[in-house]
Amino acid sequence: MKQKRKIGLLSLFLVLSMLVFTACGQEKKAANSVIHVGTNAEFPPFEYIDENGEIAGFDVAVMKAIGEEMGYDVEFTNMEFKSLTASLKTGGLDAVAAGMTITEDRKQSVDFSDGYYEATQCIVVSKDSPVTAMKDLEGKKIGAQVGTTGMFRAEKVPGAKVVTFANAAETFLEFQNGGVDAVIQDFPVVAYYVAQGGNKGRLVGPK
Ligand code: ARG
């Protein structure tokens, strides 16, 4: 069966309810109060660094629109994906918007908003590769971003050697350099990478 999972703006519900509570219980917050949002801006089209060096992308636009609606500024901090939930828990961040998939495991420690995008894991292999499905990755060297659902999926492939990287860009670079046979990552990110051209990638999936 196809395994589909929703990506959520992590902890957004928590942030919203806290803000509502604050507004009712105490004096209304100043209009220039800030929501500190963590992301990992190596994940186009959800978040990336644009040509002006600014953090941009779908998640960023959504968070900014929410901030505007509520009268809050939104400030993004770019950090490693694997550090996001820890920073949220220690209070360094108010929310995370990083294309983070809602999983049962993560739900144990953080609150998610409703899902807003159906994410599916898919594969990138080189154009001349015979791979047409996950099962063909058996025994292969698979690259994945550390701590992501792509890594969790890769770890289930029998006999595969999973090599992890801090972000999607490094993972794709290693693939292009021949260090791994395939990469498992969220569909829109792989589709974006392949569509950009200038690389040997071919999209397989979503499966
Ligand atoms: N959806 C995947 C996950 O939650 C990958 C997210 C990676 N996001 C990022 N901004 N680098 O595990």
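Note that ligands are numbered from 1 as they come in the structure, with each ligand's atoms numbered from 1 the same way. The basis for the numbers below is simple: all heavy atoms, side chains too, and nothing from hydrogens, waters or symmetry mates.
Cluster membership check: Met63 shares its hydrophobic cluster with Tyr116, using side-chain heavy-atom separations under 4.5 Å among Ile, Leu, Val, Met, Phe, Trp and Tyr. Val124 and Tyr192 fall into different hydrophobic clusters, where Ile, Leu, Val, Met, Phe, Trp and Tyr residues are linked whenever their side-chain heavy atoms come under 4.5 Å apart, directly or through other members.
Of the candidates Phe46, Tyr48, Phe43, Phe152, it is Phe43 that places a heavy atom closest to atom 9 (C) of ligand 1.
Less than 6.0 angstrom separates the ring centroid of Phe46 from the ring centroid of Tyr117.
Considering backbone and side-chain atoms alike, Ala98 places an N or O below 3.5 Å from some N or O of ligand 1. Note: an N/O pair closer than 3.5 Å links Glu47 and ligand 1 by distance alone.
At a 4.0 Å cut-off, not a single heavy atom of Ala168 sits close enough to ligand 1 to count as contact. Heavy-atom distances between Met151 and ligand 1 stay at or above 4.0 Å for every pair. For the ligand labelled ligand 1, residue Asp186 lies inside the 4.0 Å heavy-atom shell. In this structure, Gln145 counts as a contact residue of ligand 1, since one of its heavy atoms falls inside 4.0 Å of the ligand.
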* To do: Kindly determine whether Gln121 and Thr149 satisfy side-chain hydrogen bond (donor to acceptor under 3.5 Å, both in side chains), including the steps that lead there.
  => CA-CA 8 Å; Gln121 294 304 305; Thr149 45; 3.0 Å; yes
* List the steps and the verdict of side-chain hydrogen bond (donor to acceptor under 3.5 Å, both in side chains) for Gln145 and Asn40. => CA-CA 11 Å; Gln145 185 181 354; Asn40 172 245; 3.2 Å; yes
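Distances below 4.0 Å separate heavy atoms of Thr149 from the following atoms of ligand 1: 1 (N), 2 (C), 3 (C), 12 (O). Atom numbering of ligand 1 starts at 1 in the shown order; those under 4.0 Å from a heavy atom of Thr101 are 1 (N), 2 (C), 3 (C), 4 (O). Those atoms of ligand 1 that come under 4.0 Å of a heavy atom in Gly99, given as number and element, are 1 (N), 2 (C), 4 (O), 6 (C). Atom numbering of ligand 1 starts at 1 in the shown order; those under 4.0 Å from a heavy atom of Thr148 are 5 (C), 12 (O). Under a 4.0 Å criterion applied to the non-hydrogen atoms of Arg106, ligand 1 contributes the atoms 3 (C), 4 (O), 12 (O).
Counted by atom type alone, Asn167 and Glu80 present zero donor-acceptor pairs between their side chains at under 3.5 Å. For the 3.5 Å distance criterion, the side chains of Thr103 and Asp105 fail to qualify, holding no donor opposite an acceptor.
By the ring pair (Phe, Tyr, Trp, His ring centres under 6.0 Å) test, Tyr48 is found to be paired with no residue, residues two or more places apart in sequence or in another chain being considered.
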